[in-house]
There are 2 protein chains.
Amino acid sequence: MASNTKEQILNAAEMLFAEHGFADTSLRAITQAAKVNLASVNYHFGSKKLLIQAVLQRYLDVLMPEIDHQLTIMLEKNESPTTEQLMTTLVDPLLSLNRVRPNGTATFVQLLGRGYTETQGHLRRFMTVNFGDVLGRFMGIIQDVVPGLSAADLFWRLHFAMGTFVFSMASSQALGEIAAADYQEDFDIKNVIEKLVRYISAGLDAPAN
Amino acid sequence: MASNTKEQILNAAEMLFAEHGFADTSLRAITQAAKVNLASVNYHFGSKKLLIQAVLQRYLDVLMPEIDHQLTIMLEKNESPTTEQLMTTLVDPLLSLNRVRPNGTATFVQLLGRGYTETQGHLRRFMTVNFGDVLGRFMGIIQDVVPGLSAADLFWRLHFAMGTFVFSMASSQALGEIAAADYQEDFDIKNVIEKLVRYISAGLDAPAN
DNA sequence: CAGTGTTTGAAACAAGCGTTTAAATTTACG
DNA sequence: CGTAAATTTAAACGCTTGTTTCAAACACTG
């Protein structure tokens, strides 16, 4: 049978990466948390870079087909959805990541934020390759949905939206804890994502300057 | 007279920090770009941490009084502004940073994004101390302006907005270059900020979920 | 059960980092 | 002009990083 060293490393790594970022998490910290030898990361994954990608891959392999599926369903029911309806197709796929790993949704969105935020060239490339098809489809649809913007305006809006999503997700854990303490709200990633969808959709739909 | 070594270091540092982030910019890279000795950073600033803060301080000392001033002017003219009018008070102060240094506005917002994004505890603290008063005032006003949200909802919206702003600004340079190439738009930080204000205001004003 | 290929272990490696040292040089001032 | 202070210099320090090495332990197969 396959050793579970690989999984122990992946599990420890994703937790530490989500919490402290990729650059600020050393292989020594990971292997110590995973209770495995330092050298096993390079043995099983080749390098730290490839470990980072493997951590993300576990989630992307579930998320991407799921988004694709939800897009198909949504378009079958409704040929011309609103912006918010389109954005909402992302919610279920994201929540399905809780079946990949305990607390998977929150962990993944944090990792996504880190990946987008930290200046790791290889990650941007890796994401593009893996997101590629599905994200391209999503972008294609959104162009038909968001009303009356020039190409340049839409370009900026989309990147604002991407920024909002990624950044908020990266800090979601910390913010959730503050919100829980100050407003007696349970931290519920589903709830946060829905608030985020509302906010982003309104921003996308704003009249052009 | 004061040596210009300090300024050469600050100028080189802010450029490299904005481009590569704080953690990924070494003192050796800074002193090499500034054409000064490695040890002069510690001689003039004490440590890398304090250098980072000094770089930001140059801008904050101009920005914060300016925002305070604009808020006062705006409230005198209009006791109950719209969300967009409130957000617009930030535009001129930000653009005034171009008088601090060439390309100062773009550089500062990038630095701000880095500071907010990188997990440098001391920076978050430093910002809070320096932003403190003015930002507190801004937050106080926004509560009266944004319509009909619960305290918890407003909390989330504000952090979404903060995230949108900071993240977009951090990537504004790169995105600007793409936009310029693809849409024959000149990269104009003023224009981007105005688009951003429109987007954020619409998001803040969205009806509650 | 012997032998082969896979996995683990402890240790070392080379490179880069921020910081410190102490001597050399420049600057300022009585 | 001479001396004291401020600044610059080159070198080294101690530490952490990702990666490599190679022998020991293990797992599986013929």
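First the proteins, then the strands, lettered A, B, ... as listed; each starts at 1. These figures come from a predicted structure and were not determined experimentally.
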#### Entry: Residue met sooner reading DNA chain D from 5', once Ser26(A) and Gly46(A) are mapped to nucleotides
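By nearest-heavy-atom nucleotide position, the 5'-most residue is Ser26(A).
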
#### Entry: Carboxylate-amine/guanidinium contact Arg198(B) Glu194(B), below 4.0 Å
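Result for this pair is no, no salt bridge flagged.
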
### Query
Between Thr5(B) and dT7(D), does any side-chain N or O lie under 4.0 Å from OP1 or OP2?
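For dT7(D), OP1/OP2 do not have a side-chain N/O of Thr5(B) under 4.0 Å.
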
May I have the distance from [X] (atom [atom1]) to [N] (atom [atom2]), rounded to whole angstrom?
X        : N       : atom1 : atom2 : value
Asn4(A)  : dA27(D) : CG    : P     : 12 Å
Phe22(A) : dT17(D) : CZ    : P     : 17 Å
Leu38(B) : dT21(C) : CG    : P     : 15 Å
Lys6(B)  : dT7(D)  : NZ    : P     : 9 Å
Gln32(A) : dT16(D) : CD    : P     : 13 Å
Asp24(A) : dT16(D) : CG    : P     : 14 Å
Lys35(B) : dT8(D)  : NZ    : C1'   : 17 Å
Leu27(B) : dG16(C) : CG    : P     : 15 Å

### Query
Relative to the ring of Phe167(B), is the ring of Phe167(A) parallel (under 30°), tilted (30 to 60°) or perpendicular (over 60°)?
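Perpendicular: the ring planes of Phe167(A) and Phe167(B) meet at over 60°.
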
Measuring from the side chain of [X] (C-beta onward, heavy atoms only), which nucleotide among [options] has the closest atom?
X        : options                   : result
Tyr43(A) : dT19(C), dT8(C), dT19(D)  : dT8(C)
Asn42(B) : dT19(C), dT19(D), dT8(C)  : dT19(C)
Ala39(B) : dA11(D), dT19(D), dA10(D) : dA10(D)
Asn37(A) : dT21(C), dT20(D), dT8(C)  : dT8(C)
His44(B) : dT7(D), dA11(D), dT20(D)  : dT7(D)

### Task
Tell me which of Arg28(A) and Lys48(B) sits closer to the 5' end of DNA chain C, going by the nucleotide each one is nearest to.
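Looking at the nearest nucleotide for each, Arg28(A) comes out on the 5' side.
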
### Query
Taking atom CD of Gln32(A) as the centre, does the number of heavy atoms from other residues, nucleotides or ligands within less than 6.0 Å exceed 12?
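No - once you tally the heavy atoms of other residues, nucleotides and ligands closer than 6.0 Å, there are 12 at most.
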
### Task
With heavy atoms under 4.0 Å as the rule, sort Thr25(B) into base, sugar-phosphate or nothing.
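Sugar-phosphate, no base atom in range.
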
### Message
For a side-chain contact (heavy atoms from CB on, under 4.5 Å) check, start with the C-alpha distance between Leu56(B) and Arg114(B), then their side-chain angles and the critical distance, and finish with the verdict.
### Response
CA-CA 11 Å; Leu56(B) 290 170; Arg114(B) 300 284 187 190; over 6 Å; no

### Taking every non-hydrogen atom, the tightest pair across Lys48(A) and Phe17(A)
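Residues Lys48(A) and Phe17(A), closest heavy atoms: CE-CE2, 4.4 Å.
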
